[in-house]
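What you see is a predicted model; the values in this text were computed from it and never measured. Each chain gets a letter, A, B and so on, in the order the sequences are listed, and its residues count up from 1.
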Amino acid sequence: MLKIYNTLTGKKEPFEPITPKMVRMYVCGVTVYDYCHIGHARSALVFDVLRRYLEYSGYAVTFVKNFTDVDDKIIKRAHEQGVSCDAVTAKYIQAYHEDMGKLGIRAATEEPKATEHIADIIQLTEQLVTKGLAYVVDGDVYFEVSKYPEYGRLSKRRLEDLQAGARVDVDERKHHAMDFALWKSSKPGEPTWESPWGPGRPGWHIECSAMSIRHLGETFDIHGGGMDLIFPHHENEIAQSCGSTGKEFARYWVHNGFVQINKEKMSKSLGNFFTIREIFEKSEWPEAVMGEILRYFLLSTHYHGPLDFSDQALKEGKSALNGFYDLFNRLNESGQGTALGEQQLRARLAEAKQAFEVAMGDDLNTPVALAAFQTLRSEVNKLLSQGLSSEARKIARDEFQALGDTFGLFHKDLDSQWPFAMNSSASVTQNIINQSWSDQASYQGQSQTAKPFSAAVIASIDKQIEERTEARKRKDFSKADEIKKRLTEQGIIIEDKPDGTTRWKR
RNA sequence: GGCGCCGUACCCAAGUGGUAAGGGAGCAGUCUGCAAAACUGCGAUGCAGCGGUUCGAACCCGCUCGGCGCCUCCA
């Protein structure tokens, strides 16, 4: 049973879908006018994990995540760059898929675009005009918030309070300062579509109402997004959707907290703004490894709270994962064990699975779920030191992958290429910040250790290990240490096993 | 002015009424030719501060201090 915090009620509630065993969820994606930053990554990952956990729990999930591809910021960006809006949106949609793909975030069931739903948007707007909830002024259509008594329910605000805070120039033609545009007449050079009110384009919030209703129906289960969308975006979506259909819109509203830098919200003016691609580019770690580290980091705090991005946070994620992959490497080796050992292992695995499910069922408590993984790691290590058969090891490794899959962690593909030694040498954030100061000149060559070793290099290392093993057998420890020193300088870590053989890792 | 969040050990971070999870770092030990890894032990009588409610409070209430967010585009 999943309990989830619902912004609408301000409470943690048992999750019950409208249709048993089926979940329909909509998450606000991005407005595609720039590259995604680490905050977008958090939001995308949180809802990816929610979706995966629902699927893990046996639900069939229809997951819709939109692209807003018509908007003031896009138009501005297109003008700045002297290209079409289509060129801007196409570029950043592709970038979105690339960046989120590196983070292991699955594509949604449907990823609709606003521009593909203009007819739906016009229809929705017409309904609101007909019902008297919207009015037309000079080719613009505004939603009239004072005609919708429930306005402010989601964000717990009263219209009077909002009015007091309005300090931006108010359009004189609006009946109320908080009235917002459903449809805007377009100026020359802007994207435009024919409508009952003349040529124009959609307003800021209507596209999500149109797309969610089109793909999920008038009432659906979960609507998600970042905290900052609660007001005005989601508040307005509710007003438009409920106002138009007369029905309940989304039943559970789920919002993730911000990624911060030094306890402050990221912003370009503070220079503390990190895009996903910068982080991958400036990292010394291979892409798949960096993706794993970022996922571990992003899930190490409960989704509802703030999360500070820093090099230290990344290092802690890396250290934690080192422990898991160290264990996985040992699980991948063959070994002998007892029936009792295997029995105990199965018990520990069952406990971990249970702990994982309890944690996730409690409002997606990913930090506690990770703690359950850590506990399991420790328990398996103990059993391993007592001896586990090859079969038992495989069972354990498979279970780690099965449980980790909800988080996109512990993929077997990474076992053989996990870089243990590269722990702390470089600063990702400094690399990014320094780049803007010094044009990236000083950070070349840093990724040499990130590339997988070639077969020739591996053969060479194996040969040296063999020489060292021979030397150790002869008790020629000075020779053995000399070889070890040489390997250490290449970033190779040596581990001598009790049976006299040696494993190595980087 | 209005709405809201946060303050738990050196660091990160769970816990929202029943006697402080987990990780990282550190220290000590076992193992090891040395190491690495693993394992074992140590580590908050205490949860920003002060009052209150309660048999019992990190959790509830009040006040104070400190940090932050939203009310305008924003994940």
Side-chain angles (χ1 to χ4, degrees), chain A residues 10 12 27-31 33-34 36-47 71-73 76 152 155-170 177-178 204 224-233 235 255-260 262-268 296-297 300-302 304-308 310 312-313 315-323 326-327 329-330 355 359 362 365-375 377-378 380-382 384-386 420-421 472 475-478 480-481 484-485 488 492-498 502-505:
Chain A
K12 231 191 265 187
V27 171
C28 287
V30 293
T31 300
Y33 74 103
D34 205 347
C36 288
H37 53 67
I38 184 72
H40 294 110
R42 184 181 192 195
S43 185
L45 182 61
V46 162
F47 292 104
D71 168 89
D72 291 349
K73 292 187 294 295
K76 183 163 175 266
S155 56
K156 316 279 189 286
R157 292 159 207 261
R158 297 177 304 165
L159 273 180
E160 308 87 81
D161 297 338
L162 291 169
Q163 212 169 2
R167 53 181 150 82
V168 177
D169 52 318
V170 176
M178 295 315 296
W204 296 297
M227 289 280 191
D228 49 350
L229 296 182
I230 294 171
F231 190 90
H233 187 61
E235 194 71 61
H255 295 97
N256 65 277
F258 286 122
V259 175
Q260 308 179 321
N262 295 325
K263 311 282 185 196
E264 288 181 317
K265 183 176 173 176
M266 293 193 300
S267 80
K268 283 177 179 168
Y296 195 98
F297 157 69
S300 65
T301 295
H302 185 85
H304 210 258
L307 171 60
D308 239 52
S310 65
Q312 190 187 323
K315 279 174 196 164
E316 288 188 7
K318 175 63 166 54
S319 298
L321 288 164
N322 273 356
D326 237 318
L327 170 61
N329 278 176
R330 272 171 274 130
D362 185 13
N365 198 329
T366 55
V368 171
L370 289 176
F373 293 157
Q374 292 286 3
T375 303
R377 179 181 68 85
S378 174
V380 174
N381 265 324
K382 282 176 216 170
L384 198 54
S385 66
Q386 293 161 24
F420 296 91
R472 289 176 69 220
K475 305 266 188 215
D476 183 357
F477 294 123
S478 62
D481 287 345
K484 182 160 81 173
K485 184 158 176 274
T488 302
I492 308 297
I493 298 167
I494 300 287
E495 288 181 30
D496 295 328
K497 298 199 277 184
T502 298
R503 74 163 76 85
W504 63 269
K505 63 190 183 186

**Prompt:** Pick the nucleotide of RNA chain B nearest each of A:Arg157 and A:Ser478; which residue has the one closer to the 5' end?
**Reply:**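 Nearest nucleotide further toward 5': that of A:Ser478.
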
Students often get this wrong, so: under 4.0 angstrom with heavy atoms, is [X] touching a base, only sugar-phosphate, or nothing?
X	value
A:Ser385	nothing
A:Lys73	sugar-phosphate
A:Asn365	sugar-phosphate
A:Phe373	nothing
A:Gly226	sugar-phosphate
A:Gly257	base
A:His37	base

To the nearest angstrom, how far is [X] atom [atom1] from [N] atom [atom2]?
X	N	atom1	atom2	value
A:Phe258	B:rC68	CZ	P	15 Å
A:Lys265	B:rG69	NZ	P	8 Å
A:Leu327	B:rC39	CG	C1'	13 Å
A:Asp476	B:rG33	CG	C1'	12 Å
A:Ile38	B:rC74	CD1	C1'	16 Å
A:Lys263	B:rA48	NZ	C1'	14 Å
A:Asp326	B:rC39	CG	P	10 Å
A:Asn262	B:rC12	CG	P	11 Å

Could you measure between the two [atom1] atoms, the one in [N] and the one in [M], and give it in whole Å?
N	M	atom1	result
B:rG62	B:rU72	C1'	35 Å
B:rA25	B:rG18	P	33 Å
B:rC11	B:rU16	C1'	24 Å

**Item:** ring pair (Phe, Tyr, Trp, His ring centres under 6.0 Å) partners for A:Phe297, two or more places apart
**Value:**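 Result, ring pair (Phe, Tyr, Trp, His ring centres under 6.0 Å) vs A:Phe297: A:Phe309.
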
**Message:** Less than 4.0 angstrom between a side-chain N/O of A:Asn381 and OP1 or OP2 of B:rC39, yes or no?
**Reply:**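 Yes, because at least one side-chain N or O of A:Asn381 sits under 4.0 Å from OP1 or OP2 of B:rC39.
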
**Item:** B:rA36 OP1/OP2 closer than 4.0 Å to side-chain N/O of A:Lys497
**Value:** no

**Asked** Can you tell me which stems RNA chain B forms when a stem means 3 or more consecutive Watson-Crick or G-U pairs under 3.5 Å?
**Response** B:1-7 with B:65-71, B:10-12 with B:22-24, B:26-30 with B:38-42, B:48-52 with B:60-64

**Message:** Checking contacts here: which listed nucleotide (B:rC73, B:rA75, B:rC39) is nearest the side-chain heavy atoms of A:Met266?
**Reply:**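 Of the options given, the side chain of A:Met266 lies nearest B:rA75.
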
**Request:** Check every atom of B:rA36, B:rA38, B:rG33 against the side chain of A:Arg330 and return the nucleotide holding the closest atom.
**Result:**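 Nearest to the side chain of A:Arg330 among the choices is B:rA38.
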
**Prompt:** Checking only heavy atoms, does the side chain of A:Asp496 share a donor-acceptor pair with the base of B:rC34 at less than 3.5 Å?
**Reply:**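 Such a pair exists between side chain and base.
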
**Item:** No-H, no-angle donor-acceptor pair, A:Lys484 side chain to B:rC34 base, under 3.5 Å
**Value:**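 Such a pair exists between side chain and base.
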
With sequence neighbours left out, what residues match [X] under side chain to side chain donor-acceptor pair (under 3.5 Å)?
X	answer
A:His302	A:Asp363
A:Asp362	A:Lys12
A:Lys497	A:Glu333

Give me the distances for all protein-to-nucleotides 18-25 of chain B N/O pairs that come in under 3.5 Å?
{"unit_1": "B:rG23", "atom_1": "N2", "unit_2": "A:Glu316", "atom_2": "OE1", "d": "3.4"}

**Prompt:** Within 45° of the six-membered ring axis of A:Phe477 and under 6.0 Å from that ring's centre, is NZ or CZ of A:Arg472 located there?
**Reply:** no

